[in-house]
Amino acid sequence: DFGTNYIGIAIGQSVTQTATPLVTLRATQGVPNWQQVQKIIDEWQPTGLVVGLALQPDGSDSQTSLQARIFGKALKK
């Protein structure tokens, strides 16, 4: 769950289609400590990563969703 001050990380289960909160990371302007992110990825070995988008009611991007897209691209790298 992307935010400019905090980024929430959850673990999803494909069998039960549920998510369980794992940890909340502090962020500065939407940028987390990438070493912490890498440590979590290394530990959990996920098959995929999902970044939620906070869209406007009409489906257009909000300021937060634009930042979340940038975060997602950085995460992909």
Side-chain angles (χ1 to χ4, degrees):
D1 185 24
F2 176 83
T4 56
N5 296 316
Y6 297 95
I7 297 172
I9 299 177
I11 301 302
Q13 280 290 334
S14 59
V15 174
T16 60
Q17 296 186 357
T18 60
T20 304
L22 181 63
V23 66
T24 301
L25 303 178
R26 292 184 56 74
T28 304
Q29 298 295 322
V31 179
N33 177 323
W34 287 108
Q35 290 176 334
Q36 287 178 319
V37 173
Q38 188 63 56
K39 182 179 177 184
I40 292 166
I41 291 171
D42 290 344
E43 180 180 345
W44 287 89
Q45 298 289 306
T47 57
L49 303 171
V50 176
V51 177
L53 297 176
L55 299 174
Q56 298 289 356
D58 66 0
S60 64
D61 277 312
S62 65
Q63 183 61 37
T64 303
S65 67
L66 292 172
Q67 291 174 304
R69 288 181 193 279
I70 293 168
F71 171 73
K73 287 178 184 176
L75 190 58
K76 185 176 180 179
K77 290 179 183 178

Can you give me the closest heavy-atom contact between [X] and [Y], atom names plus distance?
| X | Y | answer |
| --- | --- | --- |
| A27 | G3 | CB-O, 4.3 Å |
| I7 | F71 | CD1-CE1, 3.8 Å |
| W44 | L22 | NE1-CD2, 3.4 Å |
| P32 | G30 | CD-O, 3.5 Å |
| G52 | A68 | O-CB, 3.8 Å |

Do [X] and [Y] share a hydrophobic cluster, counting only Ile, Leu, Val, Met, Phe, Trp and Tyr and linking them when any side-chain heavy atoms are less than 4.5 Å apart?
| X | Y | result |
| --- | --- | --- |
| V23 | I11 | yes |
| I41 | V51 | yes |
| F2 | L49 | yes |

Distance in Å, [X] [atom1] paired with [Y] [atom2], rounded so as to fall on 0.5 Å steps:
| X | Y | atom1 | atom2 | value |
| --- | --- | --- | --- | --- |
| T20 | I9 | OG1 | CD1 | 14.0 Å |
| T24 | N5 | OG1 | CG | 12.0 Å |
| L66 | L53 | CG | CG | 9.0 Å |

Close side-chain approach of R69 to D61, heavy-atom, < 4.5 Å:
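A side-chain contact exists here, since the closest heavy-atom pair is under 4.5 Å.
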Does some side-chain heavy atom of L25 sit less than 4.5 Å from a side-chain heavy atom of I40?
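A side-chain contact under 4.5 Å exists here.
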Verify the neighbour count for atom CD of Q35: are there more than 12 heavy atoms of other residues, nucleotides or ligands below 6.0 Å?
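Result for CD/Q35: open.
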Does Q29, at its CD atom, have more than 12 non-hydrogen atoms belonging to other residues, nucleotides or ligands within less than 6.0 Å?
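Not more than 12 within 6.0 Å, no.
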For S65, does its backbone N or O pair with a side-chain atom of S62 as donor and acceptor, under 3.5 Å?
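Indeed, once roles are kept as given, a pair shorter than 3.5 Å links the two residues.
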